[in-house]
There are 2 protein chains.
Amino acid sequence: MKRAYLDNAATTPILPEVVEAMLPYLRDAYGNPQSLHQWGDEARETIEEARGQVAALIGAQTEEIIFTASGSEANNFAIKGLAQAQQSKGKHIVISAIEHFSVLHSARTLEKWGFEVTEVPVGRHGLVDADEVAKRIREDTILVSIMHANGEVGTIEPIAEIAKATKKTGTLLHTDAVAAAGTIPVDVKELGVDALSLAANQFYGPNGVGALWLKKGTRIIPFVDGGVQEGGRRAGTENVPAIVGMGKAAELAQHDMSSRMTRLSRLRDRLIQGLSSTIDHTILTGHPTQRLPGNASFCIQFIEGEAMLMLLSSKGVAASSGSACTSRALKSSHVLAAMGIPPEIAQGSLLFSFGLENTEGEVDYVLEVLPPIVDRLRQMSPLYAKFLKQQRGGR
Amino acid sequence: MKRAYLDNAATTPILPEVVEAMLPYLRDAYGNPQSLHQWGDEARETIEEARGQVAALIGAQTEEIIFTASGSEANNFAIKGLAQAQQSKGKHIVISAIEHFSVLHSARTLEKWGFEVTEVPVGRHGLVDADEVAKRIREDTILVSIMHANGEVGTIEPIAEIAKATKKTGTLLHTDAVAAAGTIPVDVKELGVDALSLAANQFYGPNGVGALWLKKGTRIIPFVDGGVQEGGRRAGTENVPAIVGMGKAAELAQHDMSSRMTRLSRLRDRLIQGLSSTIDHTILTGHPTQRLPGNASFCIQFIEGEAMLMLLSSKGVAASSGSACTSRALKSSHVLAAMGIPPEIAQGSLLFSFGLENTEGEVDYVLEVLPPIVDRLRQMSPLYAKFLKQQRGGR
């Protein structure tokens with residue numbers, strides 16, 4: 001059976017070069033970077049090299065990178081750590097309505113700690129309006145956090161514009177760039193942000209490693225308390241092989257970015273055009289042009305998304321109904337809801353996310369197997385029957 | 001040059017079998033366990049198998065294991081998460097004076113959040129007295145956290161006795177078993193604890209993965225907020241290769257525990273006896289018998305420990321002055337201080353920690369290279385000169 005992994009938003013495969021770079025640190029070079037001996041020295045030099053590679057990917061300085069164990073940890077660290085560090089100035093924070101759960105739920109935790117959180121709505125394409133952010137900044141607003149790109153619908157947010165608003169008031173701006181960094185050009189200076197989260201498993205690096213970039217001089221309260229690792233800001237023995245892998249993946253992403261973007265956009269557009277022309281009643285979700293190169297997300301009406309995923313999986317195709325972090329909970333997407341998509345349409349959400357291993361043949365395979373799946377499911381759908389009846393009645 | 005890695009307390013090498021078990025998940029089986037397709041299913045089954053292996057190591061049930069990114073994260077999660085979940089009952093917690101910084105500094109954070117923390121002192125061998133713990137439990141005490149074994153001085157604490165005290169009052173008991181689990185027999189039911197932290201890099205598994213065991217029915221507030229991973233209790237894409245590695249390492253540790261203990265104890269005792277008989281003015285730190293099999297920790301008087309480590313490293317020997325999590329901060333050990341060792345002696349602390357790769361030849365090599373290093377450093381030591389002068393004066 002053919003197989004097509006089109007769920008790169010959930011996690012990308014690790015590039016062979018990245019695995020090769022990691023192997024020596026899994027096998028022989030096992031020192032703890034904090035140790036005062038040759039093994040420790042080697043490990044320490046290695047992670048500093050990786051730190052430089054990650055910094056270079058986002059136009060940052062090496063010492064501004066703090067390694068974490070995931071993008072989610074980086075987001076928890078940023079939201080909780082920056083809010084706690086600033087709380088003498090105020091206890092109000094602003095986020096968008098379509099943030100990843102690691103930002104959204106961290107903000108919920110802050111509410112339990114006595115902070116107030118305001119959510120900025122988004123337009124129907126999932127865009128955050130910089131003016132809408134500016135309107136919500138108050139005297140006691142200490143932090144704004146707006147994601148760089150949304151992994152579910154692909155929309156890329158106008159972070160540089162939002163930064164103009166936060167700079168006027170001197171409010172800290174964090175951006176969750178987990179879906180963006182390593183995929184599209186991300187430069188912390190051009191963006192004008194104060195903190196930025198990223199994760200290696202979004203750009204062909206390993207799982208288990210992410211980073212928080214923190215502009216030099218920005219105060220933060222540690223999230224993982226303990227030892228003196230990462231300049232005393234993040235405790236826990238450094239995961240040397242994973243950090244090395246993230247560094248190598250960052251280097252490759254920086255080098256190949258433009259060719260990767262061209263390649264992925266072509267696959268994405270082929271699928272978007274093909275799907276829209278072969279299946280009726282489909283809606284492209286997210287922004288039509290301002291979107292991640294590998295993201296093709298839809299709502300296929302009159303269908304229950306999970307059933308579609310199962311049948312696609314039985315044909316060897318891996319896709320998603322949105323965020324992998326919630327997919328098994330089978331909850332409807334807060335992102336689609338915030339974009340004004342009604343629940344009965346949102347339940348048919350379907351995300352194909354492309355990666356470097358994918359081919360045009362795989363796109364064509366999806367375009368071959370998906371229409372009969374949709375037909376089959378619609379024939380069992382009471383909603384579709386109702387729709388057809390209404391159509392006939394209307395004629 | 002000969003090389004001897006005697007710093008296994010900082011991090012153990014990964015066993016080749018463990019690396020082999022991880023490789024398929026670094027290379028081809030890259031699915032996100034939350035995804036609803038074949039790749040996801042395979043990853044999910046794999047981490048559940050590893051969860052069972054880790055549970056078996058500590059006599060727990062599979063679903064009671066929550067994977068984390070490190071022992072430090074597991075300790076942060078336990079201390080902060082259990083305290084927050086119990087705070088309606090009281091805001092007092094009890095820890096020992098020799099806890100790892102990930103427990104100690106988490107407790108400091110709780111103090112900032114309005115909790116009160118009492119530290120139980122330890123005896124000169126680093127032992128916590130269960131009666132001393134019992135005395136400090138108050139009506140509003142919601143959590144006691146005492147480490148299972150101290151990685152710096154090797155002392156194994158009487159956790160089962162302490163559990164008798166906490167059971168009487170119905171107080172939750174957490175133990176940081178990072179230095180113990182996988183090294184000595186650890187059984188959560190025999191210990192009678194409610195929560196237990198462990199880390200794979202202490203028993204020949206990879207860095208970047210740990211676990212919190214939480215007795216079924218024990219409430220906890222999540223530490224890393226976000227997606228629904230780990231039963232909604234710990235967000236972040238599961239680090240599948242590392243989790244697989246931890247499972248394999250747990251299986252091997254369980255299987256080989258008694259032979260490993262015999263082997264490591266023999267190396268430890270050979271070094272303790274050899275060193276005590278070749279170098280004057282040395283003190284074995286930690287308990288003489290109730291100690292970790294691979295731990296040989298000393299204070300070598302009239303010497304500054306870091307200089308000793310540098311010179312040992314120049315001879316190819318990796319050792320430590322105590323905890324790797326603080327060694328580069330060059331602070332004197334809070335553990336030795338709590339044991340009543342004065343700072344001028346504590347500064348000469350030296351920890352050799354043995355692992356499976358070590359040999360008697362390596363012990364003999366240390367016994368050959370260390371005495372001249374000590375002689376050389378003592379000749380430059382004002383403290384030693386003063387001591388000699390006093391000795392001569394005393395005659």
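Predicted model, so just to flag it, every value in this text is computed and none were measured. To find a chain, count down the sequence lines: A is the first, B the second, and so on, and within it residues start at 1. Just so you know, these numbers use all the heavy atoms, side chains as well, and skip hydrogens, waters and symmetry mates.
Proximity to chain B (any heavy atom under 4.5 Å) is shown, for A:N239, by both the backbone and the side chain. Contacts between A:F77 and chain B at a heavy-atom distance below 4.5 Å are absent for every atom of the residue. Looking at A:K80, only its side chain comes within 4.5 Å of chain B, counting heavy atoms on both sides. In this structure, chain B has a heavy atom under 4.5 Å from the side chain of A:L23, while its backbone stays farther away. When heavy atoms are compared at a cutoff of 4.5 Å, A:V224 approaches chain B by way of both its backbone and its side chain. Looking at A:A318, both its backbone and its side chain come within 4.5 Å of chain B, counting heavy atoms on both sides. Neither the backbone nor the side chain of A:E99 comes within contact range of chain B; no heavy atoms are under 4.5 Å apart. Of the two parts of A:Q202, neither the backbone nor the side chain holds a non-hydrogen atom closer than 4.5 Å to a non-hydrogen atom of chain B.
Counting all heavy atoms, side chain and backbone alike, A:S35 lies closest to B:D7 at OG-OD2, 2.9 Å. The shortest heavy-atom contact between B:A69 and A:A69 is CB-CB, 3.1 Å.
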Please step through side-chain contact (heavy atoms from CB on, under 4.5 Å) for the pair A:L26 and B:M22, ending with a clear verdict. CA-CA 10 Å; A:L26 287 167; B:M22 294 170 67; 3.9 Å; yes
Applying side-chain contact (heavy atoms from CB on, under 4.5 Å), run through B:V317 and A:H37 and close with a yes or a no. CA-CA 8 Å; B:V317 176; A:H37 48 62; over 6 Å; no
Working note: A:F223 + B:E73, criterion side-chain contact (heavy atoms from CB on, under 4.5 Å); need CA distance, chi angles, decisive distance, verdict. CA-CA 9 Å; A:F223 175 59; B:E73 186 194 318; over 6 Å; no
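The candidate from B:P241, B:A242, B:G316 with the greatest count of non-hydrogen atom pairs under 4.5 Å with chain A is B:G316. Counting heavy-atom pairs closer than 4.5 Å to chain A, the top-ranked of the candidates B:G208, B:G71, B:P206, B:P16 is B:G208. In terms of non-hydrogen atom pairs under 4.5 Å with chain B, the most contact-rich of A:S70, A:P13, A:A319, A:A29 is A:P13.
The structure places CZ of B:F101 at 11.0 Å from CD of A:Q229, a figure rounded to the nearest 0.5 Å. Once rounded to the nearest 0.5 Å, the distance linking CG of A:D41 with OG of B:S313 reads 6.0 Å. Atom CD of residue B:E238 and atom CG of residue A:N201 lie 10.5 Å apart, to the nearest 0.5 angstrom. Between atom CG of residue A:L36 and atom OG of residue B:S320 there is a gap of 7.5 Å, rounded to the nearest 0.5 Å. Between the CD1 atom of B:I79 and the CG atom of A:D225 there is a distance of 10.5 Å, given to the nearest 0.5 Å. Separation of atoms OH (B:Y5) and CG (A:D28) is listed at 13.0 Å; rounding is to 0.5 Å.
Within 6.0 Å of atom CZ in B:R108, more than 12 heavy atoms from other residues, nucleotides or ligands are found, so the atom counts as buried in its surroundings.
For B:Q347, the side chain to side chain donor-acceptor pair (under 3.5 Å) test picks out no residue, with sequence neighbours left out. Not counting sequence neighbours, the partners of A:Q38 by the side chain to side chain donor-acceptor pair (under 3.5 Å) test are B:R3.
Judged purely by atom type and a 3.5 angstrom limit, A:N32 uses its side chain to pair as donor or acceptor with the backbone of B:A10.
In this structure, B:I14 and A:R27 have side chains that are not in contact, with every pair of non-hydrogen atoms separated by 4.5 Å or more.
Under the 3.5 Å distance criterion, with hydrogens and angles disregarded, no donor-acceptor pair is assigned to the side chains of A:T237 and B:N207.
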